[in-house]
A.B. asks: 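Shown below is the structure under consideration.
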Amino acid sequence: MPSQPHTGQPAGSPNFTDIRRGNWVDRFLPSPLAPYARLARLDRPIGTWLLLFPGWWSLAMASPAKPDLWLMALFAVGALLMRGAGCTFNDIVDREFDGRVARTATRPIPSGAVSVRAAAIFLGLQLLLALIILLQMNGFTIALGAGSLALVATYPFMKRITYWPQAFLGLTFNWGALLGWAAATGRLEAPAFLLYTGGIAWTLFYDTIYAHQDKEDDALIGVKSTALRLGASTRPWLILFAVVALGFWIAAFAAAGLGWAAYLALAAAALLYAYQIRTTRFDDPADCLAKFNAHRWLGWMLLAGILLSPWLS
């Protein structure tokens with residue numbers, strides 16, 4: 001799961017870590033709860049947004065003139081819980097790797113702030129709450145949501161065996177595109193599959209940029225990524241990922257019968273893609289993180305375009 005960049009600062013520096021101090025976790029949470037909030041990445045919501053948007057897009061596409069606000073709220077809570085559960089499981093699995101890298105050594109598990117047993121209990125609690133959310137939906141959506149657990153369980157191991165773990169993250173993070181349509185309609189149709197496929201390419205784009213932050217540490221400890229696989233050829237591959245994402249999203253919007261506002265949103269997304277392809281500094285971790293974080297705005301662009309489609313067509 002996404003974390004913060006390598007800062008290039010000496011070990012022991014307060015900035016040589018992906019644990020950020022002084023934010024709302026430190027200010028408002030009782031100290032015994034703070035490590036669990038960090039374990040679930042509640043202090044870094046970008047991952048929740050990237051997990052949530054495909055579900056929101058799909059729900060809105062199914063009924064853009066009158067989206068089901070209750071379902072959208074359930075998806076928001078579900079995304080928060082499942083992102084937290086995924087990060088918790090990832091940290092349990094990666095605890096030995098994390099303990100060997102100064103940037104991640106202060107995470108709750110390798111630092112000893114949370115034991116593996118306590119983390120497993122916390123994981124179970126998050127999954128239980130997510131199940132309660134899922135059970136509010138129709139039977140087909142429940143079965144489809146349960147199926148996503150196979151992806152959640154296998155993703156943390158992919159970086160050990162393939163240079164394309166970002167593709168598996170795309171399969172996992174965009175599952176909401178299928179769930180949203182199923183929750184709204186009780187079935188799966190072409191727009192959902194097209195949206196899902198475009199989302200996978202979107203994840204390959206933003207998470208490849210993200211992975212460039214950690215490529216030195218990843219090479220050191222034997223973890224694979226598209227950043228290491230593509231190296232100096234990353235920029236042309238980003239062009240390919242962007243074209244595939246936009247192409248499938250155009251097809252999804254056409255299959256759903258959306259109006260011109262949705263395509264205007266895609267044009268704005270294309271501009272963001274073009275800007276990042278041209279300007280990303282792959283050897284600057286801070287720039288890679290900023291480019292990664294900007295994809296929440298792409299999420300809002302597409303959602304706004306879908307929702308405005310019936311009124312501006």
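Values below: all heavy atoms of this structure, side chains included; hydrogens, waters and symmetry mates excluded.
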A.B. asks: If I take atom CH2 from residue W297 and atom CG from residue L302, how far apart are they, to the nearest 0.5 angstrom?
C.D. replies: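 So the gap between those two atoms works out to 14.5 Å.
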A.B. asks: Report the C-alpha distance between M82 and L149 in whole Å, list the side-chain angles of each, state the deciding distance to 0.1 Å, and finish with yes or no for side-chain contact (heavy atoms from CB on, under 4.5 Å).
C.D. replies: CA-CA 10 Å; M82 286 306 298; L149 290 177; 4.1 Å; yes
A.B. asks: Take atom OH in Y163; do more than 12 heavy atoms of anything else shown fall under 6.0 Å from it?
C.D. replies: no
A.B. asks: Hey, are the side chains of K215 and D283 touching, using non-hydrogen atoms and a 4.5 Å cut-off?
C.D. replies: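 Heavy-atom side-chain distance check passes, below 4.5 Å.
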A.B. asks: Could you check whether any side-chain heavy atom of L204 comes within less than 4.5 Å of a side-chain heavy atom of W237, counting everything from C-beta outward?
C.D. replies: no
A.B. asks: Look at the side chain of N138 and the backbone N and O of A182, then say whether any donor-acceptor pair between them is shorter than 3.5 Å.
C.D. replies: yes
A.B. asks: Contact between F253 and L266 at the side-chain level, heavy atoms closer than 4.5 Å - yes or no?
C.D. replies: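 Yes. Closest side-chain heavy atoms under 4.5 Å.
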A.B. asks: Taking all non-hydrogen atoms of both residues, which atom of P67 and which atom of M72 are closest, and how far apart?
C.D. replies: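 Looks like CB-SD, 3.9 Å.
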A.B. asks: Taking atom CG of L238 and atom CG of L230, what is their separation to the nearest 0.5 Å?
C.D. replies: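 Reported value, rounded in 0.5 Å steps: 8.0 Å.
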A.B. asks: Can you confirm whether more than 12 heavy atoms, excluding those of Y273, are under 6.0 Å from its OH atom?
C.D. replies: yes
A.B. asks: Does any part of the side chain of V223, heavy atoms only, come nearer than 4.5 Å to the side chain of R160, both counted from C-beta?
C.D. replies: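 Side-chain contact under 4.5 Å: no.
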A.B. asks: Can you give me the closest heavy-atom contact between A119 and T88, atom names plus distance?
C.D. replies: O-CG2, 3.5 Å
A.B. asks: Is it true that a side-chain atom of D68 and a backbone atom of L71 form a donor plus acceptor pair closer than 3.5 Å?
C.D. replies: yes
A.B. asks: So, taking the atom named CD in E216 and the one named CD1 in I221, what distance separates them when rounded to the nearest 0.5 Å?
C.D. replies: 12.5 Å
A.B. asks: Charged N to carboxylate O below 4.0 Å: is that the case for D91 and R107?
C.D. replies: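 A salt bridge links D91 with R107.
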A.B. asks: In Å, rounded to the nearest 0.5 Å, how long is the span from CG of N90 to CG of L123?
C.D. replies: 11.0 Å
A.B. asks: With clusters defined by side-chain heavy atoms of hydrophobic residues (ILVMFWY) lying less than 4.5 Å apart, directly or transitively, does F292 cluster with Y275?
C.D. replies: no
A.B. asks: Report whether I121 and F89 are members of the same hydrophobic cluster (ILVMFWY, side-chain heavy atoms less than 4.5 Å apart, transitive linking).
C.D. replies: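 Shared cluster, no.
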A.B. asks: Tell me, with the steps shown, if L42 and L80 meet side-chain contact (heavy atoms from CB on, under 4.5 Å).
C.D. replies: CA-CA 8 Å; L42 297 182; L80 183 70; 3.7 Å; yes
A.B. asks: Are W300 and F53 an aromatic pair by the rule of ring centers under 6.0 Å?
C.D. replies: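 Centroid separation for W300 and F53: below 6.0 Å.
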A.B. asks: Please check if the side chain of W175 supplies one atom and the backbone of L144 the other of a donor-acceptor pair under 3.5 Å.
C.D. replies: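 Yes; at least one donor-acceptor contact below 3.5 Å.
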A.B. asks: Are L129 and L33 co-members of a hydrophobic cluster defined by side-chain heavy atoms under 4.5 Å apart?
C.D. replies: no
A.B. asks: Which pair of heavy atoms, one from L228 and one from K224, lies closest together, and at what distance?
C.D. replies: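 Heavy atoms only, the tightest pair is CD1-CA, 4.4 Å.
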A.B. asks: Could you tell me if H295 and W202 have a donor-acceptor pair between their side chains, going purely by distance under 3.5 Å?
C.D. replies: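 Indeed, the side chains of W202 and H295 share at least one donor-acceptor pair under 3.5 Å.
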A.B. asks: Compare every heavy atom of T48 with every heavy atom of A79, then report the nearest pair and how far apart it is.
C.D. replies: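 A79 and T48 have their closest heavy atoms at C-CG2, 4.0 Å.
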A.B. asks: For the pair R229 (side chain) and A227 (backbone), establish whether a donor and an acceptor sit closer than 3.5 Å, ignoring hydrogens and angles.
C.D. replies: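 Side chain of R229 to backbone of A227, a donor-acceptor pair under 3.5 Å: no, none is there.
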A.B. asks: When you measure from the side chain of T203 to the backbone N and O of G199, does any donor-acceptor pair fall under 3.5 Å?
C.D. replies: yes
A.B. asks: To the nearest 0.5 Å, what is the distance between CH2 on W181 and CD on E189?
C.D. replies: 5.5 Å
A.B. asks: Do P64 and L258 make a side-chain contact, defined as non-hydrogen atoms from C-beta onward lying under 4.5 Å apart?
C.D. replies: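 Yes - at least one pair of side-chain heavy atoms lies under 4.5 Å apart.
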A.B. asks: For residues A118 and Y36, report the shortest heavy-atom separation together with the two atoms involved.
C.D. replies: CB-OH, 3.3 Å
A.B. asks: Does W57 reach the main-chain N or O of L195 with its side chain, forming a donor-acceptor pair under 3.5 Å?
C.D. replies: no
A.B. asks: With a 3.5 Å distance limit and no angle check, can you tell me whether T234 reaches the backbone of G231 through a side-chain donor-acceptor pair?
C.D. replies: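 Flag set: sc T234 to bb G231 pair under 3.5 Å.
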A.B. asks: Y196 and N174: which non-hydrogen atoms are nearest, and at how many Å?
C.D. replies: CD1-O, 3.0 Å
A.B. asks: Are L271 and V243 connected in the hydrophobic side-chain network, where two residues link if heavy atoms are under 4.5 Å apart?
C.D. replies: no
A.B. asks: Could you measure the distance from the CG atom of L134 to the CG atom of L81? Nearest 0.5 Å is fine.
C.D. replies: 11.5 Å
A.B. asks: Salt-bridged, D287 to K291, with N to O below 4.0 Å?
C.D. replies: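 Yes, charged N to carboxylate O under 4.0 Å.
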A.B. asks: Would I132 and Q136 satisfy side-chain contact (heavy atoms from CB on, under 4.5 Å), going step by step from the backbone distance to the final call?
C.D. replies: CA-CA 7 Å; I132 292 172; Q136 309 307 306; 4.1 Å; yes
A.B. asks: Could you walk me through whether V114 and F122 pass the side-chain contact (heavy atoms from CB on, under 4.5 Å) check?
C.D. replies: CA-CA 10 Å; V114 176; F122 182 53; over 6 Å; no
A.B. asks: Can you tell me if T172 uses its side chain to pair, donor with acceptor, with the backbone of F168 under 3.5 Å?
C.D. replies: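 A pair under 3.5 Å: yes.
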A.B. asks: Taking Y155 for its side chain and F173 for its backbone only, find out whether a donor-acceptor pair lies under 3.5 Å.
C.D. replies: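 Side chain of Y155 to backbone of F173, a donor-acceptor pair under 3.5 Å: no, none is there.
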A.B. asks: So, does K159 use its side chain to make a donor-acceptor pair with the main chain of W164 at under 3.5 Å?
C.D. replies: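 Judged by distance alone, no pair lies under 3.5 Å.
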A.B. asks: Can a side-chain donor-acceptor contact be found between T226 and Q166 if the only test is distance below 3.5 angstrom?
C.D. replies: yes
